[in-house]
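Below is one structure, written out as structure tokens; comments come after it.
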Amino acid sequence: MKVSAMRFMLSAAAALAVVGTAAAAADADAKSDVAVLTTDTFKEWTAAQELALVEFYAPWCGHCKALAPEYEKAATALKDEGIRLAKVDCTEEQALCEEMEVPGFPTLKVFRDGVPAAYNGTRKEAGIVSYMRKQLLPPLSTLDADSIEKFTKSDRVVVVGFVDGAEAAEYSVLDALAKELRDDFTFGVVTDKAVAEAQGVVVPGVVVYKEFDDGKDVFADEITADALRSFVKTSSVPLLGEISGDNYSMYAQTGLPFGFAFFDGPETRAELEKQLYPVAKAHKGVLNMVLIDANRFASQADHLNLKRSWPAFAIQRQGTFDKFPFPQDKEISEDAIADFVADFAADKLSPSYKSEPVPETNDGNVFVLVSDQFKEVVFDKTKDVLVEFYAPWCGHCKSLAPVYDRLGAALKGNENLVIAKMDAVANDVPSSEPSLQVYGFPTIVFIRAEDNAIVEYTGNRSIESLVEFIEENAANKITYNKEDLKDSADDEEEEEEEEAPEAKKGAKAEEPEAEKPEAKAEEPKAEEPKAEEPKAEEADDKHDEL
């Protein structure tokens, strides 16, 4: 009887706890400016909103938890402007989330009168607010003397064109660019010459108003789409700001190279700002000069072939990832960095490539390739070359290793064919060829003799598929013994099974383990792009990646 009573008390306590948690959540939702939607309320609510943002989330999702406070603050900031924010718990409303084609969590969608569209902004309060305000405005707002002052202060970056009228060619360029970049920038246009004169602008002209640096940049060249697009993007980033994963994409969208200045404390940062700001100002449009916290992003210095000694400076191109480290035995000063940047702009600097030593002997089945001999081996037009780029810690690379070694052994008799491998963590790829940039491991590419045409291998990782791929792409004739393609260990195992099948008669066949269903939608990977295509760090390196 006592046991039954105890069980009842525990059950009651558990029930009260669940009720209490639900009540607390309900109370929090009641105080929130974020509407909670269900399958029953979703369509009616979204249809009633002129403009709204809806988050599809799961309570267990780490990215969703990080977004939650930013989303709440954005909802509060936007509610008086008639822009509503809402959320849907996809663990409770699974059918609705499937209908909305939610690929992962969190997924954000913009709704206009019930019609969804992709959200392409950031997951921070300022970014959400800025993005949604832009959606409320027309791509190009017409301004007058009463509205221009407020408009130029309405966002972090505001672009205003001053033209003769809606029929002017410059107006058409501005209108088209505003539609193209409406998710990123706020655009306005003035056709009143008196307003232009009050702003100190000669018509036609364009001004980028901003919350940083000198407050505005004036574009005085001929207004063409390409020139104006480049000017707006370049003007939208600080001359010397601090970079992190949160704002990397803002810098990356300019397409300019990066000038990374590493600091490890307030004093180092202050001195770098003093020395580098004039350089950044003088070379605006040449590169994005950025400060970077060495305590958080030391691994970024590794990618740039810098020693972990601070302060440090290096330039890196986007796309090719060519890197130009400033000599660390020299002092970082305004004059020294100005000369270094000028030499970079004049293409007088040679990229830096990390390389292992050239092996003393290299007569194994697979040629061990290093950066210092990359070009002479890979671009030898008398030979076809197959290269595997791998990482020592990569599980797929380890699985491929014996197959790749057998491939090298089977084809070793071909004097005009090289089967090579390169540790792409210990060695940089000294080439700006887009086809040779390594974005994952293993990456296998074939460089054909005669014309050095590059073909990436995308087939399965069997020796037969690799041989077939080589034969299809080689400029030279390939010969081999088909028996050499067989794995002797597999052959022996098959022979044992054929010779003694009775040995297995009494054994119970292994029951295949049931495939476990996914308990939750896959959480998307972090979206921040990286200045260098990331190579996974060793487990003991706890530094952040950009």
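Residue indices begin at 1 and follow the sequence shown.
With sequence neighbours excluded, no residue forms a salt bridge (charged side-chain N to carboxylate O under 4.0 Å, His left out) with Lys109. Looking at residues two or more places apart in sequence or on another chain, you find no salt bridge (charged side-chain N to carboxylate O under 4.0 Å, His left out) involving Arg156. With sequence neighbours left out, Gln135 forms a side chain to side chain donor-acceptor pair (under 3.5 Å) with Arg112, Asp183. Under the side chain to side chain donor-acceptor pair (under 3.5 Å) criterion, Asn365 pairs with Asp405, sequence neighbours left out. Every residue two or more places apart in sequence or in another chain that forms a side chain to side chain donor-acceptor pair (under 3.5 Å) with Thr382 is listed here: Asp380. Applying the side chain to side chain donor-acceptor pair (under 3.5 Å) test to Ser352 and every residue at least two apart in sequence or in another chain returns Asn305. Here Asp184 pairs with nothing under the salt bridge (charged side-chain N to carboxylate O under 4.0 Å, His left out) rule; sequence neighbours left out. Taking Pro138 as the reference, Ser141 meet the side chain to side chain contact (heavy atoms under 4.5 Å, CB included) condition, with sequence neighbours excluded.
Between Lys354 and Asp302 no salt bridge is recorded (no basic side-chain N to carboxylate O distance below 4.0 Å). For the pair Asp155 and Arg133, the salt-bridge criterion is not met [side-chain N within less than 4.0 Å of a carboxylate O]. Between Arg317 and Asp347, at least one side-chain N (NZ, or NE/NH1/NH2) sits under 4.0 Å from a carboxylate O, which counts as a salt bridge.
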Residues 384-391, side-chain donor-acceptor partners within the protein, below 3.5 Å, at least two apart:
| residue | atom | partner | partner atom | Å |
| --- | --- | --- | --- | --- |
| Asp384 | OD1 | Ala449 | N | 2.8 |
| Asp384 | OD1 | Ala475 | N | 3.0 |
| Asp384 | OD2 | Ala475 | N | 3.2 |
| Asp384 | OD2 | Asn476 | N | 3.0 |
| Asp384 | OD2 | Asn476 | ND2 | 3.0 |

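Of the N and O atoms on the side chains of Ser371 and Asn427, not one donor lies less than 3.5 Å from an acceptor on the other residue.
The ring-ring contact (aromatic ring centres under 6.0 Å, His included) analysis of residues 194-220, with sequence neighbours excluded, yields the pairs Phe219-Phe231. Listed by first then second residue, pairs satisfying side chain to side chain donor-acceptor pair (under 3.5 Å) with a partner in residues 324-335 number zero, not counting sequence neighbours. Within the structure, salt bridge (charged side-chain N to carboxylate O under 4.0 Å, His left out) contacts touching residues 227-244 (residues at least two apart or in different chains) are Glu180-Arg229, Asp226-Arg229, Glu242-Arg269.
Note: Phe258 and Tyr251 have tilted aromatic rings, judged against thresholds of 30 and 60 degrees for the angle between ring planes.
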